Structures are given as structure tokens and as C-alpha cells.
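Heads up, the thing below is written out as C-alpha cells.
For reference, positions follow the sequence shown, starting with 1. Reckoned from all heavy atoms, side chains included, excluding hydrogens, waters and symmetry mates. Worth saying up front: this structure is predicted, and the values here are computed from it rather than measured.
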Amino acid sequence: MPAWALRLDVALFYLLNVRLANPQFDIIMPFLTDLDNWRVVIALGLVALLVLGGKKGRVAVLLLIITVAVTDQTSSHLIKPLVERMRPCNALPDVRLLVGCSGAFSFPSSHACNLFGAAVIFWRLYPAVSPLFFLIAGMGAYSRVYVGVHYPSDVLAGAVLGVGCAWLVVVLTKPLLSRLLRAK
């Protein structure tokens, strides 16, 4: 990353992590960013799609599983080891750290990658509710910077990667999806 871009990224990090800090977000963002707080909601959502969503719901679950597998593996096991970027909580002074600081690499944000990948699947299959899922993805990405564990460029790259991976899944499965959704 060029020096000017790194300086901008660090300045944006401190703006979002320190300067815009407030007591309400200090409670909301650690809760929002912790996957353990969402496991039941995610499980219930998947069950609802499978049971109540009909064929389209089952296709959505299939695509979500494929997409999150692709986004997570690409971000966590391919790109992070290649880039080896330290998290801001491990690299910068005066970080407001509101959650534990992992020793894992930072770039790209797997949270943002997975959330934006899932949002694209919902956009493709349920366009009327997709703004809600993009809002959730955006808040999840922002929470990673706010709690001190990612730089803004980490979440931006994660969002772009998630959208790209999900779009690829949609394009590659389009013939299969057309048949599944048409078949009685």
C-alpha cells in the first residue's frame, strides 16, 4: 500500500475508532460485532428459509452456504496469509479496543466479506428486503473498525471481495438456479 494511502487509512481508523466514539456505540458495537450473539438468529433465519421459504428459501440457504464458504476461505485462508497485515490493535498506539485483539491478520475483514456476500445473495433472491441486509452488512463492517480490530481499508476490501465472490457464485449457479426455481 502506498505511504499516502496507509496514512489516510490510519487517519480514518482513528476518526472512526477514537474521534467518533460515543457511549451508545460503546455498548452496541461490541455486541453487534460478536458472532456468538447472532448464532441463534442466524440458525432461526436459515430454518425459516428452509421450512417456510419453499423452494426459493432452500435455494437461498444453499447459495448462502456456498457463498460464505467461498468468501471465508478466500479472505481468511488465501488473502490474509499473503498480505500479513497486522491488526490496528496490535500495530497502533492509543487504539480504543472494545473486544479481544486477535493475533490473526487483518486484511481483508472476513466479517465484512461474509456479510456483504450474504447481502448479495439476498439481493439476488429477495430484492425487496435486500436494503436491510446491506444495512446489516455495513453496520457489521463499521463495527469492526469501531471496536479497534480492523482498518477501514480492511472492511472496504472485505466488502468488495464479498460482493465479488457472491456475484461469481450467482453467475456460476445461474443455470442451476433457473432450473431449481422453475421446477415444480
Side-chain angles (χ1 to χ4, degrees), residues 1-42 45 64 67-68 70-123 129-168:
M1 177 182 287
W4 66 266
L6 183 58
R7 285 192 304 273
L8 177 61
D9 203 23
V10 169
L12 286 172
F13 171 80
Y14 279 120
L15 172 69
L16 299 172
N17 177 258
V18 177
R19 305 264 331 230
L20 295 180
N22 65 75
Q24 293 78 24
F25 276 16
D26 286 356
I27 296 167
I28 294 167
M29 292 302 175
F31 180 85
L32 186 64
T33 205
D34 187 350
L35 180 59
D36 287 338
N37 295 325
W38 300 101
R39 290 188 193 281
V40 172
V41 173
I42 293 167
L64 286 167
T67 299
V68 171
V70 169
T71 57
D72 199 61
Q73 294 303 305
T74 303
S75 65
S76 295
H77 299 289
L78 180 63
I79 298 174
K80 282 184 182 190
L82 289 174
V83 175
E84 294 185 344
R85 184 179 198 189
M86 288 179 60
R87 292 178 181 270
C89 50
N90 291 322
L92 299 176
D94 304 320
V95 171
R96 291 183 64 253
L97 184 62
L98 302 178
V99 297
C101 185
S102 165
F105 296 123
S106 180
F107 183 92
S109 165
S110 296
H111 275 73
C113 194
N114 296 337
L115 287 167
F116 275 91
V120 168
I121 297 306
F122 282 109
W123 167 76
V129 295
S130 66
L132 172 65
F133 288 97
F134 279 103
L135 176 64
I136 291 168
M139 290 301 296
Y142 174 62
S143 75
R144 304 303 288 162
V145 178
Y146 189 89
V147 300
V149 296
H150 279 290
Y151 294 95
S153 65
D154 297 343
V155 297
L156 179 61
V160 169
L161 180 61
V163 167
C165 287
W167 188 251
L168 185 62

If you define the side chain from C-beta out and look only at heavy atoms, does anything of [X] sit under 4.5 Å from [Y]?
X	Y	answer
Leu20	Phe25	no
Met139	Met29	yes
Leu16	Tyr146	no
Leu97	Asn17	no

Looking at every heavy atom in both [X] and [Y], which two are closest together, and how far apart are they?
X	Y	value
Pro30	Asn37	O-ND2, 4.3 Å
Leu12	Pro152	CB-CG, 3.7 Å
Thr67	Ala166	CG2-CB, 3.7 Å
Arg39	Asp36	NE-OD1, 2.9 Å
Ser110	Ser76	OG-OG, 2.7 Å
Leu115	Ala141	CD1-N, 4.4 Å

Please report the interatomic distance [atom1]([X]) to [atom2]([Y]), rounded to the nearest 0.5 Å.
X	Y	atom1	atom2	value
Cys113	Gln73	SG	CD	11.0 Å
Trp123	Trp167	CH2	CH2	4.0 Å
Leu6	Tyr151	CG	OH	7.0 Å

State whether the side chain of [X] and the backbone N or O of [Y] hold a donor-acceptor pair below 3.5 Å, judged by distance alone.
X	Y	answer
Trp38	Leu32	yes
Ser143	Gly140	yes
Thr74	Thr71	no
Asp72	Val68	no

**Q.** salt bridge (charged side-chain N to carboxylate O under 4.0 Å, His left out) partners of residues 94-122, not counting sequence neighbours, each pair once
**A.** Asp26-Arg96
Q: Fit a plane to each ring of Phe116 and Phe134, take the angle between them on a 0 to 90° scale, and name the class: parallel (under 30°), tilted (30 to 60°) or perpendicular (over 60°).
A: tilted
Which pairs of donor and acceptor atoms, one on a side chain in residues 99-108, lie under 3.5 Å apart (sequence neighbours left out)?
unit_1 : atom_1 : unit_2 : atom_2 : d
Ser102 : OG     : Ala104 : N      : 2.8
Ser106 : OG     : His150 : ND1    : 3.2
Ser106 : OG     : Asp154 : OD2    : 2.1

